[in-house]
Amino acid sequence: MHDIRKKIEEIAGNIIKASSYLDYKLYLQDVYNELKQHKNDCSYTAFSEALGLSKTNVAYLIIKGQRPLTVKNGEKIAAHLKLKGIERKYFLGLVKYYAEKDPLKKEKIFSLLVNAKNKTLNSAVQKQQLEFYSEWYHSAIFELVHLSAAVSDAHVLAKMLEPNIRPEQAKKSLALLESLKLIQFDRKSNRYIISANSFSAENVLAHVAISRYHQKMIELAKESLVTMKAKKRDISAITFSIPEGRLYELKEEVKKFRKKVLAITENTIDSEIVYQMNIQLFPISKPLYSRNEHDEEI
């Protein structure tokens, strides 16, 4: 048992970082998988014990989502993995995020996770990329700069957005976009112009950044139901059942639709307004027939 504990401490300290995950279950699964690479005879029972839990297959149940990880047990795991500083704070933040039921409190916890993630980043570019996805209006202002009649005055830009933002937020957004080399100020036309059509977040932060971005945009979509007239928006939903094997087919159709929309917008000249389109596809039930997963503990 001593050898197993030393190995998981080494894995958590040097190989697999909690701050690279948005789900503690996936993090613990990868720690276990890495442990199996070195100690093939290690079982989930031994892994549970090494994490400071009971000598049962409770780690398997937690990893597979069959049992929630309480904050108390999360603290035990963090202690036995010897997590310190930001890594400990981030891991416990994930545990608290999934344990919290109140939407407003969950949002606050996620903001803390983003801030903690920011402290793990080594380069200024990575920090700026995370900041870009952390607020909805950065991408909106970027699109406003695309417009042929766009202005570069922060006060005007702030009022053009729905909902409005503060002028100082618009000013910081312009500075951020310029730092990311997405826009540049053209002295001849006395306005900002596009210098790059897009950028992708680096792998080290992509899942955190993009999750944050989608959360913000879904919030705006919810608000539009009560703040905008129906003729200005189009929000619809369908509920259906399919075989799990056809999910890939649906996702491919969604991808084709996104590409078609992009093709239409890219070929449009003299644009006048910025729109946001969210496409959401997710399960609202568990599978009717559970698939067997082989494991020595089950």
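Any value given below was found using the heavy atoms of this structure, including those in side chains, with hydrogens, waters and symmetry copies removed. Numbers here simply count residues along the sequence, with the first being 1.
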Hey, are the side chains of [X] and [Y] touching, using non-hydrogen atoms and a 4.5 Å cut-off?
| X | Y | answer |
| --- | --- | --- |
| Ile194 | Ile183 | yes |
| Lys127 | Phe132 | no |
| Phe110 | Gln215 | yes |
| Ile4 | Lys6 | no |
| Glu107 | Lys216 | yes |
| Leu113 | Ser111 | no |
| Leu53 | Glu49 | no |
| Tyr213 | Ile218 | no |

[X] with [Y], same ILVMFWY side-chain cluster at under 4.5 Å:
| X | Y | answer |
| --- | --- | --- |
| Tyr32 | Leu26 | yes |
| Phe185 | Ile193 | no |
| Leu176 | Val156 | yes |
| Val254 | Leu262 | no |
| Val31 | Ile15 | yes |

State whether the side chain of [X] and the backbone N or O of [Y] hold a donor-acceptor pair below 3.5 Å, judged by distance alone.
| X | Y | answer |
| --- | --- | --- |
| Arg67 | Tyr60 | no |
| Thr56 | Val58 | yes |
| Ser20 | Ile16 | no |
| Glu100 | Asp102 | yes |
| Tyr24 | Leu69 | yes |
| Lys106 | Tyr97 | yes |
| Lys36 | Cys42 | yes |
| Ser195 | Lys181 | yes |

Quick one: [atom1] on [X] to [atom2] on [Y], what's the gap to the nearest 0.5 Å?
| X | Y | atom1 | atom2 | value |
| --- | --- | --- | --- | --- |
| Leu130 | Leu121 | CG | CG | 6.0 Å |
| Leu180 | Gln128 | CG | CD | 5.0 Å |
| Ser48 | Ile63 | OG | CD1 | 8.0 Å |
| Leu174 | Ile141 | CG | CD1 | 5.5 Å |
| Leu157 | Tyr137 | CG | OH | 13.0 Å |
| His38 | Asn40 | NE2 | CG | 11.5 Å |

field: Stepwise salt bridge (charged side-chain N to carboxylate O under 4.0 Å, His left out) test for Arg246 and Glu249
entry: CA-CA 5 Å; Arg246 298 197 67 185; Glu249 182 182 342; 2.9 Å; yes
Asn33 side chain to Gln29 side chain, donor-acceptor N/O pair below 3.5 angstrom: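 Note: Asn33 and Gln29 side chains meet the donor-acceptor criterion.
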task: Measure from NZ or CZ of Lys96 to the centre of the six-membered ring of Phe91 and say whether it is under 6.0 Å with the direction within 45° of the ring axis.
output: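 Because its charged atom misses either the 6.0 Å distance or the 45° angle limit, Lys96 does not stack over Phe91.
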Identify every side-chain donor-acceptor pair in residues 219-229 under 3.5 Å, counting partners at least two apart or on other chains, and give the distances.
{"from": "Ser224", "atom 1": "OG", "to": "Ala221", "atom 2": "O", "distance (Å)": "2.7"}
{"from": "Thr227", "atom 1": "OG1", "to": "Glu223", "atom 2": "O", "distance (Å)": "2.9"}

field: Heavy-atom pair with the smallest gap, counting every atom of Tyr90 and Leu22
entry: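 Scanning both residues, the minimum pair turns out to be OH-CD2, 4.0 Å.
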query: Between Leu51 and Ala59, what is the shortest heavy-atom contact and its length?
result: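 Distance-wise, the nearest heavy atoms are CD1-CB, 4.5 Å.
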message: I'd like to check the salt bridge (charged side-chain N to carboxylate O under 4.0 Å, His left out) partners of Glu252; sequence neighbours left out, ordered by chain and number.
response: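 Checked Glu252 against salt bridge (charged side-chain N to carboxylate O under 4.0 Å, His left out); matches are Lys255.
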message: Go through it in stages, so that I can follow the logic: the residues are Lys256 and Glu253, the test is side-chain contact (heavy atoms from CB on, under 4.5 Å), and I'd like the CA-CA distance, side-chain angles, deciding distance and then a yes or no.
response: CA-CA 5 Å; Lys256 289 178 185 177; Glu253 289 300 315; 3.5 Å; yes
message: Does atom CD (Gln280) have a neighbourhood of more than 12 heavy atoms from anything else shown, all under 6.0 Å?
response: yes
- prompt: Please walk me through it: do Ser19 and Glu87 pass side chain to side chain donor-acceptor pair (under 3.5 Å)?
  reply: CA-CA 6 Å; Ser19 59; Glu87 290 299 318; 2.7 Å; yes
- prompt: Is it true that Lys82 and Glu9 have a side-chain N and a carboxylate O under 4.0 angstrom from each other?
  reply: yes
field: Carboxylate-amine/guanidinium proximity below 4.0 Å for Lys188 and Asp186
entry: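 No, no charged N to carboxylate O under 4.0 Å.
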Expected list for residues 161-173: side-chain donor-acceptor pairs under 3.5 angstrom, two or more places apart:
{"from": "Asn164", "atom 1": "ND2", "to": "Lys159", "atom 2": "O", "distance (Å)": "3.0"}
{"from": "Asn164", "atom 1": "ND2", "to": "Leu161", "atom 2": "O", "distance (Å)": "2.6"}
{"from": "Arg166", "atom 1": "NE", "to": "Glu168", "atom 2": "OE2", "distance (Å)": "3.0"}
{"from": "Gln169", "atom 1": "OE1", "to": "Arg166", "atom 2": "N", "distance (Å)": "2.8"}
{"from": "Ser173", "atom 1": "OG", "to": "His138", "atom 2": "ND1", "distance (Å)": "2.8"}

field: Test side-chain contact (heavy atoms from CB on, under 4.5 Å) applied to Ile77 and Val95, step by step
entry: CA-CA 11 Å; Ile77 291 174; Val95 176; over 6 Å; no
- prompt: Between Asp30 and Glu34, does a side-chain contact (heavy atoms from CB on, under 4.5 Å) hold up when you go through it step by step?
  reply: CA-CA 6 Å; Asp30 283 354; Glu34 181 68 24; over 6 Å; no
message: side-chain contact (heavy atoms from CB on, under 4.5 Å), that's the test. Do Leu92 and Arg88 meet it? Break it down for me.
response: CA-CA 6 Å; Leu92 292 178; Arg88 182 179 185 278; 3.4 Å; yes
